[in-house]
Trainee: 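Starting off with a structure, shown below.
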There are 2 protein chains.
Amino acid sequence: MVTMSDIAKMAGVSQPTVSRVLNGKGAKARISPATQKRIKEIARELQFRPSFAGQALVSGRTKSIGFICGNIRNPYYTEMADIAMQAVEERGYHLLMGVARWVTWQNDLECFDSLLARGVDGVIYFGSALAPGRTQYEQVLREHYPLVSVNYRFPRIPSILSDAQPGMNEAFALLKANGHSRVLGVWLVQEEKHHPFVKAAKEFGFDAEFTTKFKSGSANRPDQSLQNMRREAHCFAERMDRPSAVFVTSDQYAAAFIGGLWDKGILVPRDVSVFAYDGTRAGEYMTPPLTSIRQDLPEMIHKALEIIFDRIDGKNTFDSDTTITLPTRLIVRESIGPAVDRRTGG
Amino acid sequence: MVTMSDIAKMAGVSQPTVSRVLNGKGAKARISPATQKRIKEIARELQFRPSFAGQALVSGRTKSIGFICGNIRNPYYTEMADIAMQAVEERGYHLLMGVARWVTWQNDLECFDSLLARGVDGVIYFGSALAPGRTQYEQVLREHYPLVSVNYRFPRIPSILSDAQPGMNEAFALLKANGHSRVLGVWLVQEEKHHPFVKAAKEFGFDAEFTTKFKSGSANRPDQSLQNMRREAHCFAERMDRPSAVFVTSDQYAAAFIGGLWDKGILVPRDVSVFAYDGTRAGEYMTPPLTSIRQDLPEMIHKALEIIFDRIDGKNTFDSDTTITLPTRLIVRESIGPAVDRRTGG
DNA sequence: TTGAAAGCGCTAACAA
DNA sequence: TTGTTAGCGCTTTCAA
């Protein structure tokens with residue numbers, strides 16, 4: 001490895017001089033043009049690369065942000081990560097992904113520990129385990145650690161949420177305009193989105209059912225729960241009295257549900273209308289293109305990073321209870337069509 | 001931040017003693033049980049975390065592996081990354097993703113530079129720009145840097161490839177069994193997979209066409225080229241003399257193609273059969289579930305990491321020209337069905 | 001305009 | 001069993 005001392009020796013100057021030249025801190029680097037040129041040339045020749053560890057040690061920063069999610073194969077998280085990566089890179093940072101895999105609820109926190117050990121300067125956290133009482137929670141508070149929770153609210157931890165209601169209302173309006181009056185909601189676990197769904201259903205006069213089949217824990221493994229969702233669709237397909245529309249809790253699971261319907265010869269939206277939550281770009285390439293309630297993914301990430309970098313820079317513009325709630329809206333694509341009510345033979 | 005010196009002071013011992021206790025290097029750490037206990041207790045109380053930068057500086061390693069790909073939203077890369085993440089974590093490493101975004105061909109190399117600046121200990125490289133003559137290429141050779149190229153062969157750089165032929169043959173056999181005799185192949189750019197396709201087509205007596213519509217460069221932006229693919233399907237849909245089967249160069253683009261067919265009311269596999277290359281798990285949740293030629297993603301990653309860690313450990317079991325070629329096989333799902341030949345009215 | 005010295009947190013070699 | 005010393009590569013005083 002080429003170090004500044006190597007360059008210094010070759011140039012016949014002291015090592016700090018090399019540092020000053022190569023970092024060129026404006027007016028501070030009052031080094032004679034001749035030496036500057038010489039040093040820069042040698043550095044280029046030797047292909048000098050500043051040692052990351054050296055810089056990190058002295059600066060106390062690793063210039064990296066952690067991104068903790070449960071499953072990178074879900075396009076929702078992939079798209080979030082992609083957006084986050086681009087955003088942090090603009091500030092010269094890297095994104096370090098932690099995939100909790102959500103087998104047990106603690107995986108989130110193990111991920112957090114592991115990223116902290118790696119010295120990330122801040123964390124975007126999509127987990128649900130950072131509750132008061134846990135050491136990691138206390139640590140975040142005590143150290144005023146730059147962490148933002150997304151999609152989940154913890155006391156005294158800045159968080160970014162989406163308000164499902166507006167998108168949900170739009171969806172029900174569209175459903176109604178298409179003659180639907182009965183709808184099934186499918187969740188993985190008890191979720192916040194439940195309430196906006198119920199509220200919209202009531203408001204638009206729908207007859208709403210819901211299932212929350214899957215428990216957290218080991219049944220949470222992505223492949224397995226996608227299969228479960230597919231089977232859920234099989235059951236649904238065979239019901240004589242099934243509703244004409246289905247809401248699925250996320251785009252990825254909607255794909256599995258639609259796949260399950262397809263297995264049984266049920267076409268969307270010809271036979272059943274389906275809509276989902278998330279509004280990922282990936283939904284555009286499902287068959288049919290998925291109508292979905294869109295969270296403002298870029299804005300969510302940008303706000304989260306704004307808070308994180310604000311803390312990193314010691315500005316403290318945002319207090320710990322900062323909660324930013326962003327509206328959702330319906331992305332109308334092709335998966336909602338005219339109601340086919342089996343009870344009335346329509 | 002809590003340092004070993006802090007602990008040392010509190011425990012009334014020297015700082016290296018703390019290091020010895022906390023790293024517990026087996027027989028080397030011959031420290032009295034009493035001191036050990038005391039130190040460990042204080043460490044726990046103070047929530048000591050070893051400084052990543054400190055360790056990195058002295059060990060010369062960051063315990064991280066770079067992963068360079070063009071677009072993380074493509075499930076092929078997502079799944080690869082997921083596998084790689086899990087594998088490196090088992091060795092106590094982290095995966096640092098570099099997303100080149102492939103706007104211009106150099107993006108690959110910029111990514112590599114950026115990861116090197118972070119001090120990654122090795123790199124899994126999915127790019128195509130690391131050619132002889134480029135400074136990065138020369139550097140890898142000169143420093144014997146632990147880099148493995150996947151899906152692309154560069155002289156004197158270890159690489160992992162897939163042999164498309166066996167899977168392609170299986171696909172054509174299945175096509176033939178379903179009465180197909182005409183097939184279209186759709187590529188993004190000139191690719192290696194072209195030859196196995198042509199070869200299999202000839203061997204099975206197919207009438208094969210191919211299009212390679214998109215150029216590399218700015219048209220390479222993922223969203224744009226997916227749209228292009230969709231439009232390609234629109235054109236295809238309107239042809240009176242279209243072949244009964246289509247091969248698309250990757251699962252993700254197959255989704256776009258199938259979406260384009262859907263736009264025109266053409267159903268897969270009812271009206272047209274489609275198969276693709278990659279064999280991602282994501283294909284299972286497309287509608288219809290995608291029949292695809294599967295690369296052995298886990299094995300590719302595991303082999304790549306084997307070579308990388310081998311170099312990191314200084315073992316040099318593999319020479320620079322190591323090329324591991326893994327076979328492919330056909331994952332039969334639902335997107336290939338009986339031929340519908342429009343010329344014969346079948 | 002430059003150099004000398006100190007120190008970031010850690011590990012490792014050598015003493016004691 | 002433990003302490004002392006040195007040094008990883010860098011930045012940042014403080015002097016000159």
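Values below: every heavy atom of this structure, side chains too, minus hydrogens, waters and symmetry copies. Numbers restart at 1 for each chain; the letters A, B, ... are given by sequence-line order, proteins then strands.
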Trainee: Between C1' on C:dG9 and CZ on A:R61, what's the gap in Å once rounded to a whole number?
Mentor: 16 Å
Trainee: Hey, what are the protein-to-nucleotides 8-10 of chain D N/O distances that come in under 3.5 Å?
Mentor:
from, atom 1, to, atom 2, distance (Å)
D:dC10, OP1, A:S51, N, 2.9
D:dC10, OP2, A:M4, N, 2.8

Trainee: So that I can tick it off, tell me whether A:E306 and A:K303 are bridged by a salt bridge, with the cut-off set at under 4.0 angstrom between side-chain N and carboxylate O.
Mentor: yes
Trainee: Donor-acceptor pairs are to be reported for all side-chain atoms of residues 9-18 of chain A against protein atoms at under 3.5 Å, with residues two or more places apart or in another chain.
Mentor:
from, atom 1, to, atom 2, distance (Å)
A:S14, OG, A:T17, OG1, 3.0

Trainee: I'd like to know if A:D82 pairs up with B:R101 as an ion pair, taking the criterion as any Lys NZ or Arg NE/NH1/NH2 lying under 4.0 Å from an Asp or Glu carboxylate oxygen.
Mentor: yes
Trainee: Does a side chain donor of either B:S64 or B:R118 reach within less than 3.5 Å of an acceptor in the other side chain?
Mentor: no
Trainee: Nearest whole angstrom, please: distance from the P of D:dT2 to the NZ of B:K9.
Mentor: 20 Å
Trainee: Which comes earlier along DNA chain D counting from the 5' end, the contact point of A:S59 or that of B:S14, where each point is its nearest nucleotide?
Mentor: B:S14
Trainee: Look at B:T17 and D:dT2 and indicate whether a side-chain polar atom (N or O) is within less than 4.0 Å of OP1 or OP2.
Mentor: no
Trainee: Are B:R91 and B:D313 ion-paired here, with the side-chain N under 4.0 Å from a carboxylate O?
Mentor: yes
Trainee: Would you indicate whether the side-chain heavy atoms of A:I324 and A:M300 approach each other to under 4.5 Å?
Mentor: no
Trainee: Between P on C:dC10 and CZ on B:R20, what's the gap in Å once rounded to a whole number?
Mentor: 15 Å
Trainee: Roughly how many Å is it from CD1 in A:I31 to C1' in C:dG3, rounded to a whole number?
Mentor: 10 Å
Trainee: Taking only side-chain nitrogens and oxygens of B:T35, does any of them come within less than 4.0 Å of OP1 or OP2 of D:dT1?
Mentor: no
Trainee: CD1 of B:I39 versus P of C:dC10: gap in Å, rounded?
Mentor: 13 Å
